[in-house]
Engineer: 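Attaching a single structure in structure tokens format; questions to follow.
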Amino acid sequence: MKTSVIVQNLKCGGCANTITQKLSEFRNISDVHINIEESKISFNYIKEEDAFLVKETLKKIGYPSIEDENSLVSKTKSYISCATGKFS
């Protein structure tokens with residue numbers, strides 16, 4: 001099945017690289033596509049739990065969905081994730 005998540009703090013290719021790397025670690029997640037302009041992450045998943053795991057992972061690395069709070073901690077994590085993504 002395919003779904004999309006609109007996230008906060010997605011600013012550039014560095015962010016996209018970090019997100020792609022993290023989501024590629026999950027066995028049941030495939031075809032990750034990131035649209036930076038729309039802050040949208042699309043992917044295929046097998047079980048509904050997998051989609052929830054993606055959403056939680058995004059939140060942990062600083063890219064909470066638009067439904068979640070965008071705390072100062074989330075913003076800081078996204079800057080770190082972005083910088084990491086630029087160097088990898």
Side-chain angles (χ1 to χ4, degrees):
M1 293 176 268
K2 187 166 186 87
T3 192
S4 297
V5 178
I6 298 175
V7 297
Q8 301 175 74
N9 307 326
L10 178 57
K11 305 280 189 238
C12 67
C15 299
N17 286 339
T18 297
I19 291 167
T20 301
Q21 288 176 358
K22 282 292 183 187
L23 298 187
S24 69
E25 295 174 3
F26 297 116
R27 184 180 292 164
N28 295 334
I29 302 300
S30 62
D31 298 325
V32 176
H33 177 74
I34 300 174
N35 183 319
I36 296 168
E37 291 82 31
E38 295 180 10
S39 296
K40 186 188 314 189
I41 301 163
S42 303
F43 56 93
N44 289 332
Y45 64 97
I46 295 175
K47 299 180 200 170
E48 193 171 329
E49 298 87 41
D50 299 324
F52 287 118
L53 180 61
V54 165
K55 189 175 173 183
E56 280 303 307
T57 299
L58 292 169
K59 185 176 181 178
K60 285 180 187 175
I61 63 172
Y63 304 98
S65 74
I66 58 169
E67 300 139 3
D68 293 329
E69 178 186 357
N70 190 16
S71 66
L72 182 59
V73 172
S74 290
K75 292 175 186 176
T76 302
K77 286 180 181 180
S78 74
Y79 288 122
I80 294 168
S81 293
C82 176
T84 302
K86 287 181 181 179
F87 294 111
S88 54

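Throughout, residue positions are numbered sequentially from 1 according to the sequence presented.
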Engineer: Let me check something: do M1 and F52 share a hydrophobic cluster, defined by ILVMFWY side-chain heavy atoms less than 4.5 Å apart, either directly or through other members?
Structural biologist: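 They do not share one cluster, since no chain of ILVMFWY contacts under 4.5 Å joins M1 to F52.
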Engineer: For N9 and Y63, work out which heavy atoms get closest and say how close.
Structural biologist: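 For N9 and Y63, the tightest heavy-atom pair comes out as O-CE2, 3.4 Å.
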Engineer: How long is the span from the CG atom in L10 to the CD atom in E38, to the nearest 0.5 Å?
Structural biologist: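 Going from CG on L10 over to CD on E38, the span is 11.0 Å.
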Engineer: Exactly one of I6, I19, T3, T20 should register a side chain to side chain contact (heavy atoms under 4.5 Å, CB included) with I41. Which one does?
Structural biologist: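 Going through the options one by one, the only one that passes is I19.
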Engineer: Report the distance from atom OG of S30 to atom OH of Y45, rounding to the nearest 0.5 Å.
Structural biologist: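 Answer rounded to 0.5 Å: 11.5 Å.
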Engineer: Within the 4.5 Å heavy-atom criterion, are D50 and F26 side-chain neighbours or not?
Structural biologist: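 The answer is no, as the side chains (C-beta and beyond) never meet within the 4.5 Å cut-off.
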Engineer: Kindly give the heavy-atom pair with the smallest separation between S74 and E69, and that separation in Å.
Structural biologist: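 So the minimum-distance heavy-atom pair works out to OG-O, 4.3 Å.
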Engineer: For I29, which of L53, T57, V54, N44 qualifies under side chain to side chain contact (heavy atoms under 4.5 Å, CB included)?
Structural biologist: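 Among L53, T57, V54, N44, the one that satisfies the side chain to side chain contact (heavy atoms under 4.5 Å, CB included) with I29 is V54.
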Engineer: Do you reckon L58 sits in the same ILVMFWY cluster as I66, going by side-chain contacts under 4.5 Å, direct or chained?
Structural biologist: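 Hydrophobic grouping puts L58 apart from I66.
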Engineer: With rounding to the nearest 0.5 angstrom, report the CD to OG distance, Q8 to S78.
Structural biologist: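 The distance works out to 9.5 Å.
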Engineer: Answer with yes or no whether the hydrophobic clustering places V32 together with I36; edges join I, L, V, M, F, W, Y residues whose side-chain heavy atoms lie under 4.5 Å apart.
Structural biologist: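 Yes, it is one cluster - the side chains of V32 and I36 are joined through contacts under 4.5 Å.
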Engineer: Please examine the side chains of K55 and D68, heavy atoms only from C-beta on, and report whether any two atoms are closer than 4.5 Å.
Structural biologist: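 Sidechains of K55 and D68: in contact.
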Engineer: Looking at CG of N70 and OG of S65, how far apart are the two atoms once the value is rounded to the nearest 0.5 Å?
Structural biologist: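 Answer for the CG-OG pair, N70 versus S65, is 10.0 Å.
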Engineer: Below 4.5 Å, heavy atoms only, C-beta onward: do K2 and S42 meet side chain to side chain?
Structural biologist: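 K2 vs S42: side chains touch.
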Engineer: As a quick check of understanding, evaluate side chain to side chain contact (heavy atoms under 4.5 Å, CB included) for N28 and E49, giving each step before the final call.
Structural biologist: CA-CA 10 Å; N28 295 334; E49 298 87 41; over 6 Å; no
